[in-house]
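Right, one structure below, let's go through it.
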Amino acid sequence: MSERSPAPGALALVQALVNTLDLESGADSLDTPEGRARLALTEDDLPAARELRESLRVALLAHAGHPPHRAVTPLGELLAAAPLVVAVDPADGSAALAPAGSRPSLLCRVAAAVAEALAAGTWMRLKACEAADCHWAYYDRSPAGRGRWCSMQVCGARAKMRRYRAKGA
């Protein structure tokens with residue numbers, strides 16, 4: 001839905017996961033083999049992936065100052081179960097949190113992405129569109145960090161038109 005550029009670094013994974021569900025049409029790309037393959041998921045992974053997706057959406061709505069769209073498991077509870085390790089690059093000594101294991105779960109990859117974004121100061125810029133029929137994840141690149149919609153041309157225009165009509169014009 002958004003014409004905005006993808007989120008930086010590993011936040012692109014979080015954005016991609018949240019945007020697997022189109023709230024307006026109800027289409028869920030996790031229902032397709034291609035959609036699952038993009039996130040390296042199996043059908044058995046779907047219930048946990050959907051729970052994580054909606055918990056992330058609630059956090060992104062909070063980043064934009066909006067209430068939860070529904071009751072979900074708190075994101076912190078989900079991420080607490082993700083085993084991460086401190087990985088140190090032998091070439092330059094840089095360190096980062098990384099998913100543990102040879103085939104890290106989506107939960108571990110998301111937890112590592114959130115940790116990276118926290119360290120980079122970008123986590124709070126990933127938001128969910130305020131339009132109730134959208135809630136698409138977008139990265140707010142506005143100078144003041146006050147973006148409200150995933151797309152000014154679609155969701156923003158609709159919101160402004162609703163306000164205009166509500167004034168009785």
Leu106 reachable from Leu11 in the ILVMFWY side-chain graph, under 4.5 Å edges: yes
What's the spacing between Leu61 CG and Cys129 SG if we round to 0.5 Å? 9.0 Å
For Leu23, which fellow cluster members are found when Ile, Leu, Val, Met, Phe, Trp and Tyr are connected by side-chain heavy-atom distances below 4.5 angstrom, either directly or through intermediates? Leu21
Among residues at least two apart in sequence or on other chains, which ones pass side-chain contact (heavy atoms from CB on, under 4.5 Å) with Ala111? Leu79, Ala82, Leu84
What pairs with Glu43 under salt bridge (Lys or Arg N to Asp or Glu O under 4.0 Å), at least two apart in sequence or on another chain? Arg36
Can you pull the ring pair (Phe, Tyr, Trp, His ring centres under 6.0 Å) pairs that have at least one residue in residues 12-50, sequence neighbours excluded? none
Kindly write out the residues that satisfy salt bridge (Lys or Arg N to Asp or Glu O under 4.0 Å) with Arg125, not counting sequence neighbours, or none if the list is empty. none
Under a 3.5 Å distance rule, please check whether Asn19 uses its side chain to pair with a backbone N or O of Trp136 as donor and acceptor. no
Quick one: list whatever passes side chain to side chain donor-acceptor pair (under 3.5 Å) with Asp92, sequence neighbours left out. Ser94
If every non-hydrogen atom of Leu126 is compared with every non-hydrogen atom of Ala7, which pair is closest and at what distance? CD1-CB, 4.1 Å
What residue pairs, at least two apart or across chains, pass ring pair (Phe, Tyr, Trp, His ring centres under 6.0 Å) with a residue in residues 71-96? none
Only pairs at least two apart or in different chains count here, so list each side-chain hydrogen bond (donor to acceptor under 3.5 Å, both in side chains) that has a residue in residues 78-88. none
Looking at every heavy atom in both Ala112 and Pro99, which two are closest together, and how far apart are they? CB-CD, 3.7 Å
Work out which heavy atom in Lys127 is nearest to a heavy atom in Met124; give both atom names and the distance. CE-O, 3.6 Å
Show every side-chain hydrogen bond (donor to acceptor under 3.5 Å, both in side chains) that has at least one partner inside residues 99-123, sequence neighbours left out. His63-Trp123
Please say yes or no: joined through hydrophobic side-chain contacts below 4.5 Å, possibly via intermediate residues, are Val114 and Val85 part of one cluster? no
Is Leu97 linked to Leu107 within one hydrophobic cluster, defined over Ile, Leu, Val, Met, Phe, Trp and Tyr using a side-chain heavy-atom separation of less than 4.5 Å? no
Verify the cluster assignment for Leu78 and Val14: are they in a single hydrophobic cluster under the rule of side-chain heavy atoms below 4.5 Å apart? yes
Any side-chain heavy-atom pair of Leu39 and Leu30 under 4.5 Å: yes
Report the distance from atom OH of Tyr138 to atom CD of Gln15, rounding to the nearest 0.5 Å. 11.0 Å
Assess whether side-chain contact (heavy atoms from CB on, under 4.5 Å) is satisfied between Leu75 and Val58, documenting all intermediate values. CA-CA 8 Å; Leu75 183 59; Val58 165; over 6 Å; no
Who passes side-chain contact (heavy atoms from CB on, under 4.5 Å) against Pro83, sequence neighbours left out? Ala100, Cys108
Donor-acceptor contacts, no H, no angles, side chain residues 45-54, under 3.5 Å, sequence neighbours left out:
| from | atom 1 | to | atom 2 | distance (Å) |
| --- | --- | --- | --- | --- |
| Asp45 | OD2 | Thr42 | N | 2.8 |
| Asp45 | OD2 | Thr42 | OG1 | 3.1 |
| Arg50 | NE | Asp28 | OD2 | 2.9 |
| Arg50 | NH2 | Asp28 | OD2 | 3.2 |
| Arg50 | NH2 | Asp31 | OD1 | 2.4 |
| Glu51 | OE2 | Thr73 | OG1 | 2.7 |
| Arg53 | NH1 | Thr20 | OG1 | 2.8 |
| Arg53 | NH1 | Asp28 | OD1 | 3.0 |
| Arg53 | NH1 | Asp28 | OD2 | 3.2 |
| Arg53 | NH2 | Asp28 | OD2 | 3.2 |
| Glu54 | OE1 | Arg57 | NE | 2.9 |
| Glu54 | OE1 | His69 | NE2 | 2.7 |
| Glu54 | OE2 | Arg57 | NH2 | 3.1 |

State which residues pass side-chain contact (heavy atoms from CB on, under 4.5 Å) with Ala95; sequence neighbours excluded, sorted by chain then number. Val86, Val88
